[in-house]
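From a predicted model like this one, the values you see are computed outputs, not experimental measurements.
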Amino acid sequence: GRGGLLVLVLPKSLRIERSEKQEQKLVEQTRAWLKNDHRDPRIHASDLLDPRKAYWDRQHPVEPSTRMVGHFFVGKVLHAFFLSALNGEKGVNWASDAGSGWDKALGIMWSNDWEDTSKTPHIPWEFKTSRKPKEMDVDKDFDLYCEQLLIYMVAQGSTTGRLVVLQPNLPAPRGEGWGSYPQYRAYTVSVTPADLELYKKQILRTRKALEAALKTKKPKELPLCREFKCGAANCPHYSLCKPEGRFGKRSWDRA
């Protein structure tokens, strides 16, 4: 046991009460803080990943839900910590990413998290976090990450990119004790010059389609979003978008 006079003993009068009122106040304060991150109104690289959602985000702006506030906050904080360490900052620099830039040829705003300037062309780095409690499968779990990273690779003119994923809940490897702890997984992503050029053409097609939809107010011309971003429970635009083949079905309409 832990007997002995030097062990701290909690008083019997101790009471712990949850304060949902304080929790809501913290959410509102965090939501207000996140609003300070002003976004350029032009089309961003991330808008091309699910262009129909990008359309509705502009046509029907809404306050982020409590769930999304939690996701955005943790992601932003971890990004800042990681990039500050990578850049050798003494503290935490909240503006330590590579900075946003306008690519005239692609017609989009883009900003990779970091870039290796010792190479020509510069190699873009992208940092992601995943709450998956097990090792990620590079053949199944990385499509969304790579779609975004390849946009940066096109913008940099590099056939190589770096992807770093922080998994906060990954089980400890054998011999490192019980439980889980945050672990990095680092990957090199590469394509042929020919495929990079083909991907550039896809970027241009998608950007032009999004621009056309915003001009004509016809979002149905844009592809459906990926399933985990769709549905009444996941998307604040669902009732306006009425995604074909999904809207009106119980499994999608359930909030």
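Taking the side-chain contact (heavy atoms from CB on, under 4.5 Å) definition, one finds that Thr66 meets it with Val27, Arg31, sequence neighbours left out. Under the rule for a ring pair (Phe, Tyr, Trp, His ring centres under 6.0 Å), the partners of Phe73 that lie at least two apart in sequence or sit in another chain are Trp33. For the side chain to side chain donor-acceptor pair (under 3.5 Å) test, no residue two or more places apart in sequence or in another chain qualifies with Lys242. Shown here are the salt bridge (Lys or Arg N to Asp or Glu O under 4.0 Å) partners of Lys119, two or more places apart in sequence or in another chain: Asp116. Considering only residues two or more places apart in sequence or on other chains, Lys35 meets the salt bridge (Lys or Arg N to Asp or Glu O under 4.0 Å) condition with Glu63. Scanning for side chain to side chain donor-acceptor pair (under 3.5 Å) contacts around Lys220 gives Glu244, with sequence neighbours left out. In this structure, the side chain to side chain donor-acceptor pair (under 3.5 Å) partners of Glu211, at least two apart in sequence or on a different chain, are Arg207. Shown here are the salt bridge (Lys or Arg N to Asp or Glu O under 4.0 Å) partners of Glu221, two or more places apart in sequence or in another chain: there are none. Scanning for side-chain contact (heavy atoms from CB on, under 4.5 Å) contacts around Leu26 gives Gln22, Gln29, with sequence neighbours left out. Scanning for side chain to side chain donor-acceptor pair (under 3.5 Å) contacts around Ser46 gives Arg39, with sequence neighbours left out.
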Please table the atom pairs, donor to acceptor, closer than 3.5 Å between any side-chain atom in residues 190-199 and protein atoms at least two apart or in another chain.
residue, atom, partner, partner atom, Å
Thr192, OG1, Asp195, N, 3.1
Tyr199, OH, Glu147, O, 2.8

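Annotation: side chain to side chain donor-acceptor pair (under 3.5 Å) contacts involving residues 246-255, sequence neighbours excluded, comprise Tyr238-Asp253.
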